[in-house]
2 protein chains.
Amino acid sequence: MSNDKISDKRHLRSVATRQKLLEAAKEVFLEEGFQKATISQMIKKANIGYGTAYVHFEGKEDLLCVLMENVMAQFYEIAEISFFPKSKDEAEQIINKQTYSFLKMAEAERNMMQIFEQAIGVSSVISDKWKAIREKFIQRISMDIAYSQQNGLARATLNDEIVARGWFFTNEMYLWEIVRNEHHHSVEEIATTITSLYATGLYL
Amino acid sequence: MSNDKISDKRHLRSVATRQKLLEAAKEVFLEEGFQKATISQMIKKANIGYGTAYVHFEGKEDLLCVLMENVMAQFYEIAEISFFPKSKDEAEQIINKQTYSFLKMAEAERNMMQIFEQAIGVSSVISDKWKAIREKFIQRISMDIAYSQQNGLARATLNDEIVARGWFFTNEMYLWEIVRNEHHHSVEEIATTITSLYATGLYL
DNA sequence: CAATGAATATGACACGATGTCAATATTATT
DNA sequence: AATAATATTGACATCGTGTCATATTCATTG
């Protein structure tokens with residue numbers, strides 16, 4: 001009766017095993033990568049019964065979704081950065097900051113982002129999660145471009161959505177390069193270079 | 001003795017079964033997608049013994065590699081388009097043409113490219129094939145940028161490789177959008193818009 | 001506090017896909 | 001005709017998955 005569920009011993013045990021499994025899953029994912037990782041490995045490492053895993057999660061994908069929740073939330077935060085520039089230079093400055101934050105996520109969360117990238121190629125559930133993030137960014141960027149065009153800062157002849165998608169694509173692909181540690185330049189240099197190219201191309 | 005292998009009945013039979021399997025594989029891939037497609041299905045459709053498949057190919061991935069050979073060759077051809085502009089306008093024109101050819105491939109080979117994209121996310125062999133194509137393009141674009149910079153046509157302050165990668169990434173992501181039929185604009189409009197943005201940003 | 005019921009955990013099982021291999025069949029050569 | 005080389009075959013072992021009937025643990029009720 002008191003505290004509803006908190007003091008329910010069964011519920012407490014349930015939460016604990018769920019947590020054990022999540023931690024084991026993270027370890028296995030990081031050791032094996034998404035594809036080679038198996039539920040069986042995670043179950044062994046978590047010291048629970050085989051069937052128990054399926055009580056708490058639907059499978060590998062579901063497990064990873066939960067493990068990536070906080071990272072995905074951070075992306076949504078970055079997408080929300082406000083954008084009301086009064087000049088071309090201010091616009092470039094804001095964009096540069098956003099791009100930098102975006103790419104820095106790749107470094108900060110590299111390990112799990114590597115798993116995430118592998119999973120995107122395999123699991124439609126995970127892929128959809130990332131697509132939602134992508135569309136969120138593109139929608140925001142489109143609005144930013146439209147705002148700049150209405151204020152006479154940006155070339156109005158260009159279709160905002162096409163530009164927004166193209167711009168995000170550059171950012172996204174660099175993100176994955178950095179995640180894979182395959183980038184040959186500093187994140188700062190990449191951010192400033194692509195931002196400069198973009199701002200010069202779009203703004204007047 | 002005559003014609004070495006052409007008139008070898010055994011060899012002829014071998015080539016025929018290999019071909020039967022390739023054709024069956026293509027059908028199954030297109031019906032089921034890369035992930036759901038199974039070797040067993042292909043074998044059944046080709047009317048050959050189970051083990052026979054593994055004599056000719058190492059597995060699904062290997063099969064798809066062969067099926068994509070001609071498409072991949074076409075990408076390499078597009079990458080080779082010569083680039084010696086004498087003005088900003090001429091540069092934009094050449095770039096637009098190349099981008100258009102590139103994106104048109106997505107439409108022309110949509111069905112198999114869809115399978116290819118799925119496979120890239122799953123198979124490291126296929127993924128490497130695409131990475132090689134990507135690096136080929138980026139290398140060529142880098143050279144083109146350096147050429148323009150040396151001739152005073154393009155902003156020399158920008159790092160050519162960073163710009164080249166960013167530019168190709170935009171192209172590539174649009175390619176996959178078109179492959180998936182998820183683009184909301186005509187290929188022409190996409191090509192001219194992103195080219196205009198790029199050329200304005202890079203050229204003087 | 002015993003008994004009943006609900007929530008949780010368990011592992012044996014059936015299924016489907018893969019790749020291998022010893023045996024077989026077909027064709028070439030001697 | 002015998003032998004060798006090449007190509008084909010399907011049964012088998014293996015592995016990962018997801019389900020489900022059963023068992024266990026805990027809460028509630030009379």
Side-chain angles (χ1 to χ4, degrees), chain A residues 1-25 28-29 31-65 115 118-119 122-126, chain B residues 1-25 28-29 31-65 115 118-119 122-126:
Chain A
M1 186 65 64
S2 64
N3 284 335
D4 243 30
K5 290 221 161 179
I6 307 294
S7 61
D8 185 330
K9 214 170 172 186
R10 281 182 308 199
H11 182 252
L12 227 60
R13 179 170 51 120
S14 169
V15 170
T17 55
R18 188 188 138 101
Q19 195 55 31
K20 268 199 294 182
L21 185 53
L22 274 172
E23 280 159 20
V28 174
F29 276 138
E31 282 165 13
E32 305 286 344
F34 185 77
Q35 305 209 56
K36 290 188 67 183
T38 70
I39 299 256
S40 311
Q41 288 173 293
M42 301 170 186
I43 288 169
K44 267 189 191 168
K45 187 159 269 184
N47 268 316
I48 61 175
Y50 187 85
T52 312
Y54 289 93
V55 172
H56 294 277
F57 302 94
E58 290 178 11
K60 258 207 270 188
E61 316 177 358
D62 193 16
L63 241 349
L64 185 60
C65 270
I115 309 298
Q118 296 161 13
V122 180
S123 148
S124 61
V125 180
I126 306 271
Chain B
M1 185 66 62
S2 65
N3 283 335
D4 243 29
K5 290 222 160 179
I6 306 294
S7 60
D8 184 332
K9 214 170 170 185
R10 283 184 307 200
H11 183 250
L12 228 59
R13 180 170 50 122
S14 169
V15 170
T17 55
R18 188 188 137 101
Q19 195 55 32
K20 268 197 295 182
L21 185 52
L22 274 172
E23 281 159 18
V28 174
F29 276 138
E31 283 165 12
E32 305 286 344
F34 185 77
Q35 304 210 55
K36 288 188 67 183
T38 71
I39 299 256
S40 311
Q41 287 174 294
M42 301 170 186
I43 288 168
K44 267 188 190 168
K45 187 159 269 184
N47 268 317
I48 62 175
Y50 188 85
T52 312
Y54 290 92
V55 172
H56 294 278
F57 302 94
E58 292 178 10
K60 257 206 273 188
E61 314 177 359
D62 193 16
L63 240 351
L64 185 61
C65 270
I115 309 297
Q118 297 160 12
V122 179
S123 148
S124 61
V125 180
I126 306 269

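Throughout, protein chains are lettered first and strands after them, A, B, ... in sequence-line order, and every chain is numbered starting at 1. Computed from heavy atoms alone, side chains included, the values below leave out hydrogens, waters and symmetry copies.
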S.K.: From B/Tyr54 OH over to B/Ile43 CD1, what is the distance, rounded to the nearest 0.5 angstrom?
M.R.: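 Taking OH in B/Tyr54 and CD1 in B/Ile43, the distance rounds to 6.0 Å.
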
S.K.: 5'-most contact on DNA chain D: B/Val55 or A/Ser40, nearest heavy atom basis?
M.R.: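 Going by which nucleotide is closer to the 5' end, it is B/Val55.
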
S.K.: With sequence neighbours excluded, give me every salt bridge (charged side-chain N to carboxylate O under 4.0 Å, His left out) pair touching residues 33-55 of chain B.
M.R.: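 Those involving residues 33-55 of chain B are B/Glu27-B/Lys45, B/Glu31-B/Lys45.
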
S.K.: When the distance from NZ of B/Lys44 to P of C/dT18 is rounded to whole Å, what number comes out?
M.R.: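 These atoms are roughly 12 Å apart.
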
S.K.: Has B/Thr17 got a side-chain N or O lying under 4.0 Å from the OP1 or OP2 atom of D/dT8?
M.R.: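 Answer yes for this pair, as a side-chain N or O of B/Thr17 is under 4.0 Å from OP1 or OP2.
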
S.K.: For nucleotides 3-6 of chain D, print each protein N/O atom paired with a nucleotide N/O atom at under 3.5 Å, atom names and distance only.
M.R.:
| residue | atom | partner | partner atom | Å |
| --- | --- | --- | --- | --- |
| D/dA5 | N3 | B/Arg10 | NH1 | 2.8 |
| D/dT6 | O4' | B/Arg10 | NH1 | 3.3 |

S.K.: In whole angstrom, what separates A/Tyr54's OH from C/dA12's P?
M.R.: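 For the pair A/Tyr54 OH and C/dA12 P, the rounded distance is 16 Å.
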
S.K.: If I take atom CD1 from residue A/Ile126 and atom CG from residue A/Leu64, how far apart are they, to the nearest 0.5 angstrom?
M.R.: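 Atom-to-atom, A/Ile126:CD1 and A/Leu64:CG are 4.0 Å apart.
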
S.K.: To the nearest Å, give me how far apart CG (A/Leu12) and P (C/dA6) are.
M.R.: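 Going from CG in A/Leu12 over to P in C/dA6 covers 22 Å.
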
S.K.: Find the distance B/Met42:CE to C/dT18:P and express it as a whole number of Å.
M.R.: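 Atom CE in B/Met42 sits about 8 Å away from atom P in C/dT18.
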
S.K.: Of the candidate nucleotides D/dC26, C/dT18, D/dT17, which contains the atom at the shortest distance from the side chain of B/Thr38?
M.R.: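 Nearest listed nucleotide: C/dT18.
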
S.K.: Check residues 46-53 of chain B and write down every donor-acceptor pair under 3.5 Å in which the side-chain atom is one partner and the other belongs to a residue at least two apart or another chain.
M.R.:
| residue | atom | partner | partner atom | Å |
| --- | --- | --- | --- | --- |
| B/Thr52 | OG1 | B/Gly49 | O | 3.2 |

S.K.: To the nearest angstrom, how far is A/Leu21 atom CG from C/dT8 atom P?
M.R.: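 Distance, rounded to whole Å: 15 Å.
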
S.K.: Could you run down the sub-3.5 Å N/O contacts of the protein with nucleotides 10-12 of chain D?
M.R.:
| residue | atom | partner | partner atom | Å |
| --- | --- | --- | --- | --- |
| D/dG10 | N7 | B/Gly51 | N | 2.9 |
| D/dG10 | O6 | B/Gly51 | N | 3.4 |

S.K.: Could you tell me if the side chain of B/Phe57 sits less than 4.5 Å from the side chain of B/Leu22, heavy atoms only?
M.R.: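 They are in side-chain contact.
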
S.K.: Output all residues satisfying side-chain hydrogen bond (donor to acceptor under 3.5 Å, both in side chains) with A/Glu32, sequence neighbours left out; order by chain, then residue number.
M.R.: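 If we apply the side-chain hydrogen bond (donor to acceptor under 3.5 Å, both in side chains) test to A/Glu32, skipping adjacent residues, the hits are A/Gln41.
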
S.K.: Who pairs with B/Val125 by side-chain contact (heavy atoms from CB on, under 4.5 Å), at least two apart in sequence or on another chain?
M.R.: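 Listed in chain order: B/Glu61, B/Cys65, B/Ser123.
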
S.K.: Whole angstrom is fine here: how far is it from CD in B/Gln41 over to P in C/dA17?
M.R.: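 So the two atoms are 7 Å apart, to the nearest Å.
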
S.K.: Do B/Val55 and B/Arg18 pass the side-chain contact (heavy atoms from CB on, under 4.5 Å) test, and can you show the C-alpha distance, the side-chain angles, and the key distance before you say yes or no?
M.R.: CA-CA 9 Å; B/Val55 172; B/Arg18 188 188 137 101; over 6 Å; no

S.K.: Using the side-chain contact (heavy atoms from CB on, under 4.5 Å) criterion, which residues pair with A/Thr17? Sequence neighbours excluded.
M.R.: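 A/Lys20, A/His56.
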
S.K.: D/dG16 P sits how many Å from A/Glu32 CD, rounded?
M.R.: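 Roughly 10 Å, once rounded to whole Å.
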
S.K.: Counting side-chain heavy atoms from C-beta on, which of D/dT8, D/dT17, D/dC26 comes nearest to A/Asp8?
M.R.: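 Shortest atom-to-atom distance from the side chain points to D/dC26.
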
S.K.: Who are the side-chain contact (heavy atoms from CB on, under 4.5 Å) partners of A/Glu23, not counting sequence neighbours?
M.R.: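 A/Glu23: side-chain contact (heavy atoms from CB on, under 4.5 Å) contacts with A/Gln19.
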
S.K.: Nearest 0.5 Å please: distance from the CD atom of B/Gln118 over to the CD1 atom of B/Ile115.
M.R.: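 Atom-to-atom, B/Gln118:CD and B/Ile115:CD1 are 4.5 Å apart.
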
S.K.: What parts of residues 56-64 of chain A reach DNA chain C, counting only heavy atoms under 4.0 Å away?
M.R.: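 Of all residues in residues 56-64 of chain A, the ones placing a heavy atom under 4.0 Å from DNA chain C are A/His56.
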
S.K.: Which residues pass the ring-ring contact (aromatic ring centres under 6.0 Å, His included) test with A/Phe34, not counting sequence neighbours?
M.R.: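 A/Phe34 satisfies ring-ring contact (aromatic ring centres under 6.0 Å, His included) with A/Phe29 only.
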
S.K.: If you pin B/Arg18 and A/Lys36 to their nearest nucleotides in DNA chain D, which one's is more 5'?
M.R.: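 Upstream on the strand: B/Arg18.
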
S.K.: Nearest whole angstrom, please: distance from the P of C/dA25 to the NZ of B/Lys9.
M.R.: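 Rounded to whole Å, this separation is 17 Å.
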
